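One structure is given below, encoded as structure tokens.
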Amino acid sequence: QVQLVESGGGLVQPGGSLRLSCAASGSIFRINVMGWYRQAPGKQREVVADITSAGITNYLDSVKGRFTISRDNAKNTVYLQMNSLKPEDTAVYSCNVNARMNWGDERDFWGQGTQVTVSS
């Protein structure tokens, strides 16, 4: 019913930048909050940033000032611009979308995850 297509991950040197994108499609009536999560090996999954339909954003403290989340409502797409990347940012990053479905209920959907590796 719903598909999230992620792109933009890869290998980058410390101090470099990457931009992640996630496009949602399917039987969605309305998208509420969109966000990015990450999970590093041996660690719990954590929310990196999220953004409401009105554009209000929240960030993990460790990424404030370095990462920027944005969304294009017309394209049902959320982005994560990551600057000044550090090795500790290495993780699998996953997109999450909270949406009202065409039949009325609300659901959370996850992308397949994209690997971000920061290393020299």
Side-chain angles (χ1 to χ4, degrees):
Q1 297 287 340
V2 174
Q3 184 178 21
L4 304 181
V5 179
E6 300 170 337
S7 64
L11 174 65
V12 66
Q13 293 184 343
S17 298
L18 289 171
R19 189 178 75 156
L20 308 182
S21 65
C22 173
S25 62
S27 302
I28 298 173
F29 179 77
R30 183 175 184 173
I31 295 177
N32 302 313
V33 178
M34 307 180 79
W36 288 96
Y37 295 73
R38 70 185 183 187
Q39 187 167 27
K43 296 184 178 180
Q44 291 184 306
R45 186 176 65 190
E46 59 187 354
V47 59
V48 178
D50 58 34
I51 183 168
T52 71
S53 60
I56 306 301
T57 59
N58 291 285
Y59 294 94
L60 183 68
D61 284 344
S62 62
V63 309
K64 287 181 179 177
R66 299 189 298 120
F67 292 8
T68 302
I69 189 170
S70 61
R71 63 190 284 172
D72 185 336
N73 291 330
K75 297 181 180 294
N76 286 342
T77 300
V78 62
Y79 306 92
L80 186 68
Q81 178 68 45
M82 303 183 293
N83 299 325
S84 302
L85 283 162
K86 304 174 180 180
E88 50 263 45
D89 294 319
T90 296
V92 174
Y93 286 70
S94 299
C95 174
N96 176 265
V97 172
N98 177 264
R100 184 184 188 274
M101 308 304 294
N102 287 335
W103 51 88
D105 61 335
E106 292 188 354
R107 293 284 187 271
D108 283 330
F109 300 96
W110 292 89
Q112 78 281 3
T114 183
Q115 178 70 47
V116 172
T117 302
V118 185
S119 176
S120 298

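Not measured: the values here are computed from a predicted model.
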What donor-acceptor contacts under 3.5 angstrom involve side-chain atoms of residues 108-120, with partners at least two apart or in another chain?
{"from": "D108", "atom 1": "OD1", "to": "N98", "atom 2": "ND2", "distance (Å)": "2.9"}
{"from": "T114", "atom 1": "OG1", "to": "G9", "atom 2": "N", "distance (Å)": "3.4"}
{"from": "Q115", "atom 1": "NE2", "to": "A91", "atom 2": "O", "distance (Å)": "3.4"}
{"from": "Q115", "atom 1": "NE2", "to": "T117", "atom 2": "OG1", "distance (Å)": "3.3"}

Who are the side chain to side chain donor-acceptor pair (under 3.5 Å) partners of N73, not counting sequence neighbours? R71
Distance-only criterion, 3.5 Å: show the donor-acceptor pairs between side-chain atoms of residues 47-57 and protein atoms not counting sequence neighbours.
{"from": "D50", "atom 1": "OD1", "to": "N58", "atom 2": "ND2", "distance (Å)": "3.4"}
{"from": "T52", "atom 1": "OG1", "to": "A54", "atom 2": "N", "distance (Å)": "3.3"}
{"from": "T52", "atom 1": "OG1", "to": "G55", "atom 2": "N", "distance (Å)": "3.4"}
{"from": "T52", "atom 1": "OG1", "to": "I56", "atom 2": "N", "distance (Å)": "3.1"}

Should I28 and V78 be regarded as members of a common hydrophobic cluster, given that ILVMFWY residues are connected when their side-chain heavy atoms come within less than 4.5 Å of each other, either directly or indirectly? yes
If you define the side chain from C-beta out and look only at heavy atoms, does anything of Y79 sit under 4.5 Å from D72? yes
Do M82 and V12 sit in one hydrophobic cluster, given that two such residues count as connected whenever their side-chain heavy atoms are within less than 4.5 Å of each other, even indirectly? yes
Examine distances only and state if a side-chain atom of Y59 and a backbone atom of I69 form a donor-acceptor pair shorter than 3.5 Å. yes
Evaluate the side chain to side chain contact (heavy atoms under 4.5 Å, CB included) criterion for residues C95 and W36: first the C-alpha distance (whole Å), next the side-chain angles of each, then the deciding distance (0.1 Å), finally the verdict. CA-CA 5 Å; C95 174; W36 288 96; 3.9 Å; yes
For residues T77 and M34, report the shortest heavy-atom separation together with the two atoms involved. C-CE, 4.0 Å
So, taking the atom named CD in E88 and the one named OG in S62, what distance separates them when rounded to the nearest 0.5 Å? 8.0 Å
Between Y37 and V63, is there shared hydrophobic-cluster membership here, with clusters defined by ILVMFWY side-chain heavy atoms closer than 4.5 Å? no
Working to the nearest 0.5 Å, report the span between CG of L85 and CZ of F67. 5.0 Å
Could you work out, with salt bridge (charged side-chain N to carboxylate O under 4.0 Å, His left out) as the rule, every residue matching K64, not counting sequence neighbours? D61
Salt bridge (charged side-chain N to carboxylate O under 4.0 Å, His left out) partners of residues 27-42, not counting sequence neighbours, each pair once: R38-E46, R38-D89
Considering only distance and modelled atom types, tabulate donor-acceptor pairs under 3.5 Å from the side chains of residues 14-26, sequence neighbours left out.
{"from": "S17", "atom 1": "OG", "to": "N83", "atom 2": "OD1", "distance (Å)": "2.9"}
{"from": "S21", "atom 1": "OG", "to": "S7", "atom 2": "OG", "distance (Å)": "2.7"}

Closest non-hydrogen atoms of M101 and V2, given as atom of the first, atom of the second and distance, are CE-CG2, 3.4 Å
